[in-house]
Amino acid sequence: MNSRGLIAICAAAVVLLTGCTSKNSVSDADAAAASEAAKARAGLPSSSTTSPGGDSTAPVSTPPLPAAVTHNPIYAVGKLPSARCAEPAYDPTSLANARAYFTQYVACLNKAWAPAIRKAGFTFKPPKLVVVLGQSPSSPCTVDDGRDYYCDGTIYMDAATHLKIYREDPDEARAWMALEIGHEYGHHVQALTGLFAAMYDREVKLNGVDAHLEDTRRMELQASCYSAVYIGADRNYFPVTSDWLTVWGLVIRTTIDNEHDHGNGENHGYWTTAGFDAASPGACNTYTVASSLVG
């Protein structure tokens with residue numbers, strides 16, 4: 001079983017609009033990501049301020065999270081209806097197969113989430129899907145090659161990483177594909193329910209690197225929780241076998257978060273398991289819990 005890192009770093013201006021993720025082990029790519037992260041952080045306000053006429057610093061207070069994220073109507077819709085979909089049968093041995101897998105999976109996600117979105121009082125619109133092989137497609141967001149991400153109503157998936165994982169560990173690859181496409185779809189749910197807009201308004205006024213990163217972790221952990229909500233709702237049709245659940249359980253707990261923007265493996269496992277067990281978006285309110293649960 002290989003550890004896969006959720007290590008993508010988005011530019012500060014678009015971090016809340018892309019929800020990008022990556023699945024690389026520690027490598028030269030991680031070093032490049034760390035460099036980009038440092039550049040992004042350098043452009044953010046400091047988390048401390050110097051008192052006029054003195055050398056001491058005082059912490060900047062963090063404003064409360066908006067009600068649109070802490071008490072969003074999506075949390076009250078109850079269990080997600082089952083789409084009655086089996087896991088797509090396509091193995092990621094080619095771009096065509098990976099595209100077929102993700103296309104079928106998104107169709108099932110639409111069936112499950114559309115009623116919940118409408119029940120919460122929002123307008124449902126299915127996301128677009130773009131699947132490429134080893135290159136970043138043209139999009140409104142600037143993202144490096146090899147990354148899966150959500151941007152402006154479109155889910156972008158790079159099949160190259162999934163093909164590579166499949167060659168190394170087929171069982172892990174399929175569990176990762178299910179987690180990842182559901183995670184990016186989770187960002188679409190956040191966009192449809194007004195969370196992206198509310199958090200963007202907050203982020204442009206927020207001081208401090210640590211505060212920005214914690215907000216981002218809350219969003220990313222919620223997206224993974226939403227991914228698991230669907231699997232939990234469809235567990236009898238997927239079907240979720242004991243063997244599949246064992247592999248998936250290892251995958252969700254061995255994520256790497258070198259840049260502290262997606263949550264550590266323990267917390268990622270906690271929120272993803274919570275979504276699966278409850279099969280309800282109400283289990284995914286990452287905005288009212290202590291910082292220790294989104295570290």
Side-chain angles (χ1 to χ4, degrees), residues 16-19 64-88 102-129 149-155 178-202 215-240 248 252 268 270-289 293-294:
L16 292 178
L17 301 181
T18 61
L65 286 154
V69 304
T70 60
H71 294 82
N72 195 286
I74 195 65
Y75 303 146
V77 299
K79 287 194 173 185
L80 200 71
S82 173
R84 298 179 176 238
C85 285
E87 180 187 15
F102 291 132
T103 299
Q104 185 174 326
Y105 206 106
V106 167
C108 292
L109 287 165
N110 289 338
K111 288 175 64 177
W113 279 102
I117 298 294
R118 295 186 180 112
K119 184 177 181 180
F122 301 102
T123 300
F124 177 77
K125 182 179 180 180
K128 297 178 183 178
L129 174 67
Y149 63 100
Y150 174 83
C151 177
D152 196 26
T154 300
I155 294 171
L179 173 66
E180 271 290 84
I181 188 64
H183 175 99
E184 301 310 331
Y185 195 98
H187 288 309
H188 186 60
V189 173
Q190 292 171 332
L192 293 178
T193 56
L195 187 141
F196 265 16
M199 290 299 280
Y200 179 78
D201 288 344
R202 169 182 164 86
D215 276 9
T216 302
R217 290 194 299 272
R218 291 182 188 273
M219 294 184 67
E220 297 295 341
L221 289 169
Q222 183 179 65
S224 285
C225 185
Y226 282 163
S227 175
V229 165
Y230 165 75
I231 297 174
D234 235 24
R235 69 185 76 189
N236 293 330
Y237 300 91
F238 202 72
V240 175
W248 183 77
I252 66 175
H268 188 263
Y270 171 84
W271 286 105
T272 312
T273 300
F276 175 82
D277 289 345
S280 167
C284 301
N285 188 349
T286 57
Y287 305 95
T288 57
V289 300
L293 285 177
V294 293

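- Proximity of I155 to Y149: side-chain heavy atoms (C-beta onward) are nowhere separated by under 4.5 Å.
- Annotation: the span from M219 atom CE to T286 atom OG1 amounts to 9.0 Å, rounded to 0.5 Å.
- In this structure, V189 and L195 have side chains that are not in contact, with every pair of non-hydrogen atoms separated by 4.5 Å or more.
- R218 and Y287 share no side-chain donor-acceptor pair at under 3.5 Å.
- Using a 4.5 Å cut-off on side-chain heavy atoms (C-beta onward), Y226 and Q222 make contact.
- Residues H183 and S227 have side chains that never bring a donor and an acceptor to within less than 3.5 angstrom of each other.
- S224 places none of its side-chain heavy atoms less than 4.5 Å from the side chain of W271.
- Nearest heavy atoms, L192 versus K125: CD1-O, 3.8 Å.
- Note: Y150 OH to K128 NZ = 11.0 Å, rounded to the nearest 0.5 Å.
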Name each donor-acceptor pair under 3.5 Å that joins a side chain in residues 105-116 to protein atoms two or more places apart or in another chain, with its distance.
unit_1, atom_1, unit_2, atom_2, d
N110, OD1, Y185, OH, 2.7
N110, ND2, V106, O, 3.4
K111, NZ, A83, O, 3.3

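- When atom types are taken as modelled, the side chain of R235 and the backbone of G232 share a donor-acceptor pair closer than 3.5 angstrom.
- Checked by atom type and distance alone, the side chain of D234 never pairs as donor or acceptor with a backbone atom of A86 at under 3.5 Å.
- Nearest heavy atoms, N285 versus T70: ND2-O, 2.8 Å.
- Nearest heavy-atom pair across A283 and C225 is O-SG, 3.8 Å.
- Residues R202 and D215 are paired through a salt bridge, judged by an N-O separation under 4.0 Å between the basic side chain and the carboxylate.
- The aromatic rings of H188 and F124 stand perpendicular to each other, their planes meeting at an angle above 60°, with 30° marking the opposite boundary.
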Using side chain to side chain contact (heavy atoms under 4.5 Å, CB included), reason through T154 and L129 one step at a time and then give a plain yes or no. CA-CA 6 Å; T154 300; L129 174 67; over 6 Å; no
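- In this structure, CG in L179 is found 6.0 Å from OG1 in T272, a value given to the nearest 0.5 Å.
- Between Y75 and V69, the shortest heavy-atom contact is OH-O, 2.7 Å.
- Between E220 and H187, the closest side-chain pair of non-hydrogen atoms falls below 4.5 Å.
- Contacts of R217 classified as salt bridge (Lys or Arg N to Asp or Glu O under 4.0 Å), with partners at least two apart in sequence or in another chain: none.
- The distance from the CE atom of M199 to the CG atom of L65 is 5.5 Å, given to the nearest 0.5 Å.
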For side chain to side chain contact (heavy atoms under 4.5 Å, CB included), just list the numbers for I231 and W248, CA-CA rounded to whole Å, side-chain angles, deciding distance to a tenth of an Å, and then say yes or no. CA-CA 11 Å; I231 297 174; W248 183 77; 3.9 Å; yes
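- Listed for the K79 side chain is no donor-acceptor partner under 3.5 Å among the backbone atoms of S280.
- Across N72 and T193, no two heavy atoms sit closer than the pair ND2-O, 2.9 Å.
- Here the closest heavy-atom approach between residue C85 and residue Y230 is recorded as CB-OH, 3.6 Å.
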